[in-house]
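Have a look at the structure below before the remarks.
Just so you know, residue 1 is the first one in the sequence shown, and it goes up from there. Just follow the structure's listing: the first ligand is 1, and inside any ligand the first atom is 1.
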Amino acid sequence: MKLCDPALFRQECYINGRWVRSPKIITVINPSEGTVMGSVPSLGEEETGLAIRSAKIAFPRWSRLTAKKRSLILKNWYAALCTHEKDLACIMTCEQGKPLSEAISEVQSAASYIEWFAEEAKRVYGDTIPMSQEGKRIVVLKEPIGVCAAITPWNFPLSMIARKAAPALAAGCTVIVKPSELTPFSATALAELADRAGFPPGVFNVITGPAEEIGSALTRSIDVRKLSFSGSTSVGRLLMRDSSDTLKRISLELGGHAPFIVFEDADVDAAVGDAVASKFRNSGQTCVCANRFIVHDTVYAQFVEKFVKAVESQLSVGPGNIPNNNQGPLINTDALEKIEDQIQDAVNKGARIATGGKRVPGKGYFFEPTVLLDVTPEMKILREETFGPVAPVIRFASESEAVAMANDSEYGLAAYFYTADVSRAWRVTELLEYGMVGVNTARLSSEAAPFGGMKKSGIGREGSKYGMDEYLEIKYMCIGRVE
Ligand code: ADP
């Protein structure tokens, strides 16, 4: 890995404005090679306590700075990400595996969240409300919650942190980030840039170590007033349970099982193009990747033929740092085993592999882009999140059947459908039990939009003006004896 600014590759934690090492370490594997790329400290309860105390001490001053001053520091941070876009992308590709072009998009997306919330910092408006009693006035104030913890996953190692930390910091909160142990270097690079941007000590902290130990120190602490988590539904549920003793505010962005419906009046070519882009982004490892293709009988054959052809001709598997590869590795062998299990289960129950279906021999955790046909609802792949490059296709005959299939999931994050009918666009959107619906598009993520899910996909929204509310308390002041 060759960086223009090698100081961005930090193998240390960042607590109270200082870099922290430990004799105990966690090694980090490059998933394209299967080799060690570096290590980070394995810190535990004691250091988490230190981070919490630092963030608590830093909170009063940080929250009382003018919004404009906080905004300026966030803008410095944003500018630093833009300046170091290539280095950050390079670190990400190395630890996470995604192609360099996708890594660059992620750095830009992370930067855009920071820029957005730097702007929003100045627009945290309160309210005045007409009173129902004589001689009194109601004023609504919005105040930062306090110390916030962010526990983030490996699939978007930079933007998931930006999406949580930027609104928290803009609101006046202080933050402790625990990144995934699989991809900590994007987080430590972000800390290096936060340090350069001018955040005071204790305002932004990054800690790495055993997830359970750090997680439970964060959830048990009464001083941590908010927890924001992105990751699996099982861990989200556990963190929610553990946060109940201290009644923390929580935001959870969990699993998804996105349906992608192609109606009979759809522009099939547009649907095919978006299907490939959505399903195979980050090799299928995003919570909003299309996970089930639900295609109308009359366009099924046409869709399948074009989709399989596009998958075979447009996708090229290999290390993300080699130009033209657009399918990187999966994150580890567990991920490979999970999709092999889903494919085997589907084939045992009668599915047909139209293309792909196997690991790619050699170094790293690569898997062939795969399309499964003749899929039926009793197959695991139509119930479980896949998180890999496997596209199951199922057919339907009527709109109500398609909607029922789409809603037949415990998840409710993203859903997509393709149609030329405006009435149907509204009707089906209103019927889908999903937090985000793409109509004739499968690209939803934007700093300006509220990202989040229903049902077992989570609680709360990230991005947009709604993302700011997650880090604000409402305080109501009642003024009496107004003569
Ligand atoms: P994924 O399936 O995407 O790896 P996880 O839910 O396992 O999702 O991980 C997301 C984040 O949650 C990571 O930072 C991971 O270290 C952390 N994590 C995993 N288990 C726990 C736990 N028991 N307590 C706190 N954090 C955890």
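- A salt bridge is defined here as a Lys NZ or Arg NE, NH1 or NH2 lying under 4.0 Å from an Asp or Glu carboxylate O, and K349 with D345 meets this definition.
- Annotation: side chain to side chain donor-acceptor pair (under 3.5 Å) contacts involving residues 150-164, sequence neighbours excluded, comprise E106-S159, R163-E253, R163-E462, K164-S228, K164-S230, K164-E462.
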Which atom pairs, donor and acceptor, lie under 3.5 Å between side-chain atoms of residues 76-90 and protein residues at least two apart or in another chain?
from: N76; atom 1: ND2; to: A197; atom 2: O; distance (Å): 3.0
from: W77; atom 1: NE1; to: L190; atom 2: O; distance (Å): 3.2
from: T83; atom 1: OG1; to: A79; atom 2: O; distance (Å): 2.8
from: E85; atom 1: OE1; to: Q108; atom 2: NE2; distance (Å): 3.2
from: D87; atom 1: OD1; to: C4; atom 2: N; distance (Å): 2.9
from: D87; atom 1: OD2; to: C4; atom 2: N; distance (Å): 3.2
from: D87; atom 1: OD2; to: D5; atom 2: N; distance (Å): 2.8

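- Residues meeting the side chain to side chain donor-acceptor pair (under 3.5 Å) test with T174, sequence neighbours left out: none.
- Residues of the protein with a heavy atom under 4.0 Å from ligand 1 are I151, T152, W154, K178, P179, S180, E181, A211, E212, G215, F229, S230, G231, S232, V235, L238, L239, listed by chain and number.
- No hydrogens or angles considered: nothing links the side chains of S409 and K456 as a donor-acceptor pair under 3.5 Å.
- Side-chain polar atoms of K248 and T246 form a donor-acceptor pair below 3.5 angstrom.
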